[in-house]
Student: 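Handing you this structure, nothing more for now.
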2 protein chains.
Amino acid sequence: MRDPEATLRQHALPVTAQRLAVLRAVSRHPHATADDLTASVCGELGTISRQSVYNVLNVLTDKGIIRRIQPADSAALYEDRIGDNHHHLVCRSCGKTEDVCCAVGEAPCLTAHSHHGFKIDEAEVIYWGTCPTCQKKKRS
Amino acid sequence: MRDPEATLRQHALPVTAQRLAVLRAVSRHPHATADDLTASVCGELGTISRQSVYNVLNVLTDKGIIRRIQPADSAALYEDRIGDNHHHLVCRSCGKTEDVCCAVGEAPCLTAHSHHGFKIDEAEVIYWGTCPTCQKKKRS
DNA sequence: TCCGAGATTTGGACTTTGTCAAAAAGAATG
DNA sequence: CATTCTTTTTGACAAAGTCCAAATCTCGGA
């Protein structure tokens, strides 16, 4: 995120300390939960209400400034990196999440064969597996 | 589901009225939530505890008898149809969920290019869009 | 610079979805 | 049929979010 303040103004959002701090926290911690971000923001501002974190995250997500991903059995995660149609790799045992580039090139995973008349706007892909660390733990 | 009772016995699970009823309910209502299924089972048995529904669904899911899908902003959904690696199409506005065949053939969507050392065991794909009914509603 | 309208932040109650634990009830083997 | 082990039930609890009203803040105009 180049300039959080400019980003907010571009989207006609009033600039507040909470918004700047949340935006920076998302930048610093990709794939963090609302709780993680709250902790991070508190380190910066001293305090922020839980509700404000949710407000800000919702507004930023609606505006397309950040992206929300919601893997099964996990709270929502937020990330900075948008517009490149990347996907995610999630560890079943520890929840660790990594980015992966779109597996099939540009954005062709957007095409479902039989679409039942739906107008599809996104193909969300989550690869489930075991991360290197947890693989080692299991063997030992 | 050919024979719910036989299915349970095959997996060494004691046969109970609750399990049979839940299994039948999942068969009858693909993509139903635990709540939906509770209602459906109550219609059949007269009553069932909320916890039992969760117990049964968890056990059946663990054994691979049914499959659980957890789209964002929705309670978990359960389905009968397993082992064919199909994916799902979810309406953003009403939540309606449809099956779609694997977009890329057999099960090759299992391959992520850079896998960061993860051992991948499943690629979950959710197509997000608007169902025919909601498309009409929006236009009017 | 100061004001005021409108948006944001806060705190607290509430909802939803699901799990935990202990006691009562039920299934299946011999 | 009796015993043992598993399920079911009940009720409390937890996590993640949302709703609402009051207090506060931002920003454009005077």
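Hydrogens, waters and symmetry mates are skipped; everything else that's a heavy atom, side chains included, is used. We name chains A, B, ... by the order of the sequence lines, and we start the count at 1 in each one.
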Student: Between B:S74 and B:A17, name the one whose nearest nucleotide on DNA chain C is closer to the 5' end.
Tutor: B:S74
Student: State whether a side-chain donor-acceptor pair under 3.5 Å links B:H86 with B:E98.
Tutor: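 No pair is found: no donor N or O on one side chain lies under 3.5 Å from an acceptor on the other.
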Student: Is B:R92 paired with A:E122 through a side-chain N to carboxylate O contact shorter than 4.0 Å?
Tutor: yes
Student: Examine C:dT17: is either OP1 or OP2 under 4.0 Å from a nitrogen or oxygen in the side chain of B:T33? Give yes or no.
Tutor: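 Checking C:dT17 against B:T33, no side-chain N or O comes under 4.0 Å of OP1 or OP2.
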Student: Is it the case that B:D36 and B:T33 place a side-chain donor and acceptor less than 3.5 Å from each other?
Tutor: yes
Student: Would you say D:dC25 has OP1 or OP2 under 4.0 Å from some side-chain N or O of A:Q18?
Tutor: no
Student: If the threshold is 4.0 Å, N to carboxylate O, is there a salt bridge linking B:R19 and B:E5?
Tutor: no
Student: Considering only NZ, NE, NH1 and NH2 on the basic side and carboxylate oxygens on the acidic side, decide whether A:D80 and A:R67 come within less than 4.0 Å.
Tutor: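 Not counted as a salt bridge, because no side-chain N and carboxylate O are separated by less than 4.0 Å.
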Student: Any chance the side chains of A:D99 and A:H87 put a donor and an acceptor closer than 3.5 Å?
Tutor: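 Side-chain D/A pair, A:D99 to A:H87: absent.
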Student: Where along residues 37-61 of chain A does a heavy atom fall under 4.0 Å from DNA chain D?
Tutor: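 Correct list: A:R50, A:Q51, A:Y54, A:N58.
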Student: Can you tell me which nucleotide in C:dT17, D:dA16, D:dC27 comes closest to the side chain of B:D35?
Tutor: C:dT17
Student: A:P14 or B:R19: which one's nearest nucleotide on DNA chain D is closer to the 5' end?
Tutor: B:R19
